[in-house]
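These numbers come from the heavy atoms of this one structure, side chains and all, not from hydrogens, waters or symmetry mates.
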Amino acid sequence: MDVPKIQNALRTIARGLEELAGALGDEQDAGEDERTARVIREWGRRGLTQKEASALFQRHGFAPQTTGGWARGEWVELGDDGLRYLTAKSHAWLEGRP
């Protein structure tokens, strides 16, 4: 029995099921601004690992690589602890929404 191969296969299946579940959710009906607001609300002021941030974006209908784009746009910053945090720009955007 090749345990590492089985573990990798199970992880692949789990990622596929997560994507499928996301496709069935109501996120498809929400526009980009609403999905962005949902990401910011759920993220809050806590730090996330790269994997956690990618999963959060995916849950709200974004590509997992969106964290990098947000970092370049100064919406996300890397903390001294290696975690990713939303910047004041992100929180201000959310507060300024109607």
Side-chain angles (χ1 to χ4, degrees):
M1 180 183 290
D2 187 349
V3 173
K5 189 173 183 178
I6 293 170
Q7 289 173 320
N8 286 335
L10 288 172
R11 287 184 183 106
T12 300
I13 292 168
R15 283 191 301 271
L17 291 174
E18 181 65 33
E19 288 181 31
L20 179 59
L24 296 174
D26 66 343
E27 294 299 329
Q28 288 184 335
D29 296 336
E32 185 174 345
D33 281 356
E34 178 56 32
R35 291 182 295 122
T36 298
R38 290 175 185 178
V39 167
I40 294 171
R41 281 189 210 106
E42 186 175 339
W43 193 323
R45 301 205 178 266
R46 64 193 166 103
L48 299 178
T49 65
Q50 180 179 3
K51 187 175 182 177
E52 291 169 332
S54 293
L56 174 62
F57 280 112
Q58 280 188 292
R59 273 196 306 278
H60 292 285
F62 292 99
Q65 301 85 0
T66 303
T67 309
W70 279 36
R72 286 186 294 282
E74 298 179 356
W75 288 62
V76 171
E77 63 189 356
L78 188 62
D80 292 336
D81 56 3
L83 298 177
R84 283 128 187 89
Y85 293 88
L86 292 176
T87 63
K89 179 178 179 178
S90 298
H91 295 290
W93 179 87
L94 181 62
E95 291 168 8
R97 285 192 79 220

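No more than 12 heavy-atom neighbours from other residues, nucleotides or ligands sit within 6.0 angstrom of CZ on Arg45. Within a 6.0 Å sphere centred on CD of Glu32, heavy atoms belonging to other residues, nucleotides or ligands number 12 at most.
Under 4.0 Å is where a charged nitrogen must lie from a carboxylate oxygen, and between Arg35 and Glu42 no such pair does.
Atoms CZ and CD, on Arg84 and Glu77 in that order, are 11.5 Å from each other to the nearest 0.5 Å. For the atom pair CD of Gln65 and CD of Gln58, the computed distance is 8.0 Å after rounding to the nearest 0.5 Å. Note that CG of Asn8 is 9.0 Å distant from CG of Asp2, once rounded to the nearest 0.5 Å.
The minimum heavy-atom distance between Ala37 and Arg97, with the atom names listed, is CB-NH1, 3.1 Å.
The hydrophobic cluster containing Leu10 also contains Val3, counting ILVMFWY residues as joined when their side-chain heavy atoms lie under 4.5 angstrom apart, directly or transitively.
For the pair Ser54 (side chain) and Lys51 (backbone), a donor-acceptor distance under 3.5 Å is absent.
Residues that satisfy the side chain to side chain donor-acceptor pair (under 3.5 Å) test with Glu52, not counting sequence neighbours, are Thr49. Applying the side chain to side chain donor-acceptor pair (under 3.5 Å) rule to Asp81 yields the partners Tyr85; only residues at least two apart in sequence or on another chain are considered.
Applying the 4.5 Å side-chain rule to ILVMFWY residues, one finds Val39, Ile40, Trp43, Leu48, Leu56, Phe57, Phe62, Trp70, Trp75, Val76, Trp93, Leu94 in the same cluster as Leu86.
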